[in-house]
Amino acid sequence: MGKIRLLPDALASQVAAGEVVERPASVVKELVENSIDAGAKNIEILVQRGGIALIRITDDGHGMNRDDALMCLERHATSKIRTKDDLEAISTLGFRGEALPSIASVSKFRLTTREPEALSGTEIVVNGGKIASVKDCGEPPGTQIEVRSLFFNIPARRKFLRTENTEFSHLEQVVRTQAIAHPEIRFALVRNERIVFQLPATTDIRERIAGLAGHDLASRLLEIKKQTHHGVTVSGYIGPPGMGQSDRRKQLIFLNGRPVEAAMLSYALREGYHTALMKGQYPVTFLFLETDPSAVDVNVHPAKREVRFHDGNSVRDAVIAAIQETLTGAMKRPVAGVGLTGMEKPEAPLPADAKQADLIAPAEAHSLRNDWSGFSPQRTDPVGSTNQPSSIETAERTNPVDSENEPSSFETEQPPMRAEDYRLMGVLGKLYVLLEHNEGLVLMDQHAAHERVLFEEMRRRMESEGVPSQGLLTPLMVELAPKDFDLVSQNVETLGKLGIAAEPFGGNTLKIDSLPTFLKSDDPEAFLQDVIDEIRNDSDRMSKMRLGEDMVATTVCRHAVKANDPLHDAELVKLLADLLECEMPYCCPHGRPTLIQISYGELDKKFGRKV
Ligand code: ADP
Ligand code: MG
């Protein structure tokens, strides 16, 4: 007799569970997906001790009859696909038929379910994969699943769970994400008997975002006008230039209603934001993509998180185009000078076991607290943070024409600000230009402003005749490392547009005949080395044009006015006018703000004239 044996069913399920059920958040993800697939209009999620002790999900979906209720606990039992063709064009969130048996094999599990017309429902109790009881019950129509003592029978896994707060924070992120994807469903999340959020059904995605991330944040988002490129439809809301985050929690992308991750999509977002965001920051996006389901493979990852596109380039290009168009078209106002703290959540209740909570490292505790409601703009607010509505909102009230056209309370279209509307008051600390405006005080960072102006000018020139360059009396011979030499040789054309005339000159030597006129440096070799470093860093980027832009951004920055260069009033006025002429005036090429506004409303508040 051979050595190979089939695993008993319960054990096979536990093995499979290792892939699907990693932590309480994955249980919630699978169960909420099932409720959505069942057509629920209401989904309630109740958890205790971060989901480790109890997760209870109640929905009002189509429920199951007794046969199906028993069947759904079998491995690979699903109502969602039948044939290979179905697998190739999946329109539901689930399709593997693995979640319920996996979850039931690693917990104390109770399922009650009832079809709307049925006289009674069914209750099934399963302990660690073994059915303990099956009976009739009188629950309301829909399905309720209780998962207690997760991993009670797999101590090795249980050990890998983090603190209750950490587990809860992952779980909460899952619910938030699903709630954004399905504003038409009412969601409620309850933790240790306290309501964390309760979101009424709505048809307005922005309303839903506001419910989760606060009205301030939602009102600053830019709407992507629904558009289709190469069969990919893009819509949603994204943060304006300069609104960045240090993590990806608010970088959400949905494909056909499913939250997805793909390195290519993150790349496309970065590329779309490009100079509108500081390096190392992640954009805020609520991006909805729609494609023909057969154009994408969702059957890549056990938890169905990752997707593969048959034609990734089209998706990437569609995302980049939509973001760039939205950022350039809609950014008409300076960054508000208030800390965007969003609508604060009610104080989190003290966890049942305060000791566990104490275990959280301070940094982590901070990130948990700041989860979605704590939102800060990139530059620290000069007058401290308030919960005040942003200038956009304030201005909106004085603009009845817009609100008539657009009933949404989130209208952000504003007339562009013109240089004539500002009065120069002086310069603070040789850097910040003080400007008076009918809405209040505006501060301009003269260095950042100059960078933006130069950057756009350079870019215009690169696109047309190229950056003006100056011939060198004696050509410069630069010996490069073989790798760098190859890199530069491949980018000679881009360098040419930047005003650097370079050609290979035998071996790994490069001959430089001319350099850009704007270059004031007296060490051209160091400048070249900078450019090469920049090419190296960016060589994984795809477009040559972009490569050029990045180099412009960095080189320009070094040659723009220094912070303390005194400028005459006339020069400052000209700088402001040039800035406001820019395509994206309100941030520098690195995404830092160029203008910050402190409205009269904020000042009144600070001085206690208004509450
Ligand atoms: P999948 O979702 O991949 O089909 P699951 O193991 O998650 O696999 O669920 C198995 C089946 O159980 C589903 O196909 C569905 O028919 C049924 N089911 C699960 N949850 C619910 C629910 N909340 N309401 C109605 N039916 C459900
Ligand atoms: Mg499922």
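If you're wondering where the values come from, they're calculated on a predicted model, not measured in any experiment. Order of appearance sets the numbers: ligands from 1, and atoms from 1 within every ligand. In this chain, residues are counted from 1 in sequence order.
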Worksheet entry | Salt-bridge present (Arg66, Asp136; N to O < 4.0 Å) | yes
Which N or O atoms of ligand 1 sit under 3.5 Å from a protein N or O, and how far apart is each pair?
| unit_1 | atom_1 | unit_2 | atom_2 | d |
| --- | --- | --- | --- | --- |
| ligand 1 | 2 (O) | Asn34 | OD1 | 2.9 |
| ligand 1 | 2 (O) | Lys80 | NZ | 2.7 |
| ligand 1 | 3 (O) | Phe95 | N | 2.9 |
| ligand 1 | 3 (O) | Arg96 | N | 3.0 |
| ligand 1 | 3 (O) | Gly97 | N | 2.8 |
| ligand 1 | 4 (O) | Thr78 | OG1 | 2.5 |
| ligand 1 | 6 (O) | Ala99 | N | 3.3 |
| ligand 1 | 6 (O) | Leu100 | N | 3.0 |
| ligand 1 | 7 (O) | Asn34 | OD1 | 3.0 |
| ligand 1 | 7 (O) | Asn34 | ND2 | 2.8 |
| ligand 1 | 8 (O) | Gly97 | N | 3.4 |
| ligand 1 | 14 (O) | Thr78 | OG1 | 3.4 |
| ligand 1 | 14 (O) | Ser79 | N | 3.0 |
| ligand 1 | 14 (O) | Ser79 | OG | 3.2 |
| ligand 1 | 16 (O) | Ser79 | OG | 2.5 |
| ligand 1 | 20 (N) | Asn34 | ND2 | 3.4 |
| ligand 1 | 23 (N) | Asp59 | OD2 | 2.9 |
| ligand 1 | 24 (N) | Thr143 | OG1 | 3.3 |

Item to complete: Tell me whether the centres of the aromatic rings in Phe286 and Tyr237 are closer together than 6.0 Å.
Response: no
Discussion item. Quick one about Ser169 and Thr166 (side-chain donor to acceptor, distance below 3.5 Å, no hydrogens or angles considered), yes or no?
Written reply: no
Discussion item. Do the side chains of Glu146 and Arg148 get close enough for a salt bridge, i.e. N-O under 4.0 angstrom?
Written reply: yes
Worksheet item: Would Arg110 and Glu139 pass as an ion pair if we require N to O under 4.0 Å?
Response: yes
Fill in: Full working for salt bridge (charged side-chain N to carboxylate O under 4.0 Å, His left out) between Arg191 and Glu167
CA-CA 12 Å; Arg191 179 192 191 187; Glu167 292 303 337; over 6 Å; no
Discussion item. Please determine whether Asn34 has a backbone or side-chain N, O or S atom lying under 2.8 Å from the Mg ion (ligand 2).
Written reply: yes
